[in-house]
S.K.: 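Let me give you the structure first, and then I'll get to my questions.
Positions are given from 1, in the same order as the sequence printed here.
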Amino acid sequence: MALRISALPPNGRMARASVTEGAARAGLAARGAIYLLVGALALQITFGEGERQADRGGALAELSEKPFGAVLLWALGLGLAGMALWRLSEVAFGAAGADGRTWRKRLASAARCVFYVMVASSVLSFAAGARGGGAGTSSDEQSRDVTARALGLPGGQWLVAAAGTGVVVAGVWIGARAVMRSYHKHLRLAEMSRGTRRAVDTTGVAGGAARGLVFAVAGAFAIRAAVDYEPDRAKGLDDTLRSFAGTPLGPTALTGVAAGLVLFGLFSFAMARWRKV
């Protein structure tokens, strides 16, 4: 009879699982905090009180002025680093679920790992006092600069258009999965009361739909920048959110999207509590 020998002893696997779970829950909570802050800043804009950019940089600047702001910034950065560590563990060992070890899941986890490494490093740089880093720069400026550099490359218009199309597709995918409640398969639903499950669904559906809509609109602006060959047409998170106020619904549209981002922040906290890791 063939024996399967695990690469790690049972206590080693338990320790790894414990570290991974802690990192995942800290990362989801950190993501929730950022979306809460961005949504709150966007709501301030609708009431004419917004002085900060409604993006990650604005959220970090707002947080830095709170009591124990420096401590909170470090905690946020370390939480996001935990998110990157969790995604890296999924690349190496597979994600939770029946299809967690497929190459498609591992590739998606690798992309998320790279993304959160960049986000965590920018937040930690901001916490360390490097205010001129990526986290302290307006998302609108970053989008225009990146678009301008890309348009200057051979075939730049096609590159920017393809990237914008990818963001639009990602936004539609995010929103559709939220509406279909695809996140249920990742949650420990049996541990929730009926009221808790209803609240999680409210935040998950509305918040995920709003997040997907923001992604899709930002991607559409990138496509427009490519077609017109004008980098200024590209918009970061702040300008994308403000653009909703220019729709026929006016400030009401921005209020709804901003509230949706707040709900997604709350949903991230629920994921930190009940997600299978």
Side-chain angles (χ1 to χ4, degrees), residues 24-47 50 53-56 58-60 62-63 76 79-80 82-83 86-87 108 112 115-116 119 139 167-189 191-220 235-245 247 249 251-277:
R25 302 201 187 288
L28 289 166
R31 184 185 71 176
I34 289 179
Y35 272 97
L36 273 177
L37 288 168
V38 171
L41 290 172
L43 284 173
Q44 290 178 15
I45 292 172
T46 66
F47 298 116
Q53 297 281 316
D55 54 19
R56 188 170 67 245
L60 297 179
E62 182 78 10
L63 192 61
L76 197 63
L80 292 168
M83 180 78 95
W86 169 39
R87 295 306 189 182
R112 293 185 178 108
F115 172 76
Y116 279 106
V119 174
S139 62
V167 175
V168 170
V169 171
V172 173
W173 181 77
I174 288 170
R177 284 176 60 85
V179 171
M180 293 187 296
R181 296 173 171 81
S182 297
Y183 54 82
H184 275 187
K185 65 183 180 182
H186 298 301
L187 293 173
R188 300 195 301 270
L189 297 175
E191 298 179 13
M192 299 181 186
S193 66
R194 181 176 298 179
T196 298
R197 184 169 174 175
R198 187 180 302 116
V200 170
D201 277 340
T202 299
T203 59
V205 173
R211 181 177 177 234
L213 178 61
V214 171
F215 269 72
V217 172
K235 298 183 184 295
L237 179 56
D238 179 73
D239 273 353
T240 298
L241 288 171
R242 292 175 189 268
S243 71
F244 285 100
T247 64
L249 293 177
T252 302
L254 176 56
T255 301
V257 174
L261 295 182
V262 170
L263 290 175
F264 186 78
L266 296 175
F267 174 71
S268 293
F269 289 137
M271 292 288 279
R273 169 65 177 83
W274 284 290
R275 198 188 197 284
K276 300 172 185 175
V277 178

S.K.: Between A178 and G204, what is the shortest heavy-atom contact and its length?
M.R.: CB-O, 3.6 Å
S.K.: Closest approach of L76 and A30, non-hydrogen atoms and distance?
M.R.: CD1-O, 3.5 Å
S.K.: Begin with the C-alpha distance, continue with both residues' side-chain angles, and end with the deciding distance and a verdict on side-chain contact (heavy atoms from CB on, under 4.5 Å) for R181 and V205.
M.R.: CA-CA 7 Å; R181 296 173 171 81; V205 173; 3.9 Å; yes
S.K.: Enter the distance from E62:CD to L37:CG here, rounded to the nearest 0.5 Å.
M.R.: 7.0 Å
S.K.: Out of H184, H186, M180, which residue meets the side chain to side chain contact (heavy atoms under 4.5 Å, CB included) rule with S182?
M.R.: M180
S.K.: How many angstroms lie between atom CZ of F244 and atom CG of L249, to the nearest 0.5 angstrom?
M.R.: 10.5 Å
S.K.: Please tell me if the side chains of R31 and Y116 come closer than 4.5 Å, counting only heavy atoms from C-beta onward.
M.R.: yes
S.K.: Using 0.5 Å steps for rounding, measure from the CZ atom of F269 to the CG atom of L28.
M.R.: 10.5 Å
S.K.: Distance check, rounded to the nearest 0.5 Å: M192 atom CE versus R197 atom CZ?
M.R.: 8.0 Å
S.K.: Any non-hydrogen side-chain atom of W86 less than 4.5 Å from a side-chain atom of V277?
M.R.: yes
S.K.: What closest approach, in Å, do R188 and R275 show between heavy atoms, and which atom pair accounts for it?
M.R.: NH1-O, 3.1 Å
S.K.: Out of curiosity, M271 CE to L266 CG, how far, rounded to the nearest 0.5 Å?
M.R.: 13.5 Å
S.K.: Can you check whether Y183 and F267 have ring centres sitting under 6.0 Å from each other?
M.R.: yes
S.K.: Determine the minimum heavy-atom distance between A220 and V168, stating which atoms define it.
M.R.: N-CG2, 3.4 Å
S.K.: Quick check on side chain to side chain contact (heavy atoms under 4.5 Å, CB included): which of T240, L41, L241, L237 does D55 satisfy it with?
M.R.: L237
S.K.: Could you check whether any side-chain heavy atom of T247 comes within less than 4.5 Å of a side-chain heavy atom of T252, counting everything from C-beta outward?
M.R.: no
S.K.: A side-chain contact here means heavy atoms from C-beta on lying under 4.5 Å apart; do L43 and L261 qualify?
M.R.: no
S.K.: Regarding S193 and T196, is there a side-chain donor-to-acceptor distance under 3.5 Å anywhere?
M.R.: yes
S.K.: Measuring from atom CG of L263 to atom CZ of R211, what distance do you get when rounded to the nearest 0.5 angstrom?
M.R.: 14.0 Å
S.K.: Can you give me the closest heavy-atom contact between V257 and A210, atom names plus distance?
M.R.: O-CB, 4.0 Å
S.K.: Where the side chain of D238 meets the backbone of A54, is there a donor-acceptor pair that is under 3.5 Å apart?
M.R.: yes
S.K.: Between K276 and L187, is there a side-chain heavy-atom distance shorter than 4.5 Å?
M.R.: no
S.K.: With a 3.5 Å distance limit and no angle check, can you tell me whether R25 reaches the backbone of A272 through a side-chain donor-acceptor pair?
M.R.: yes
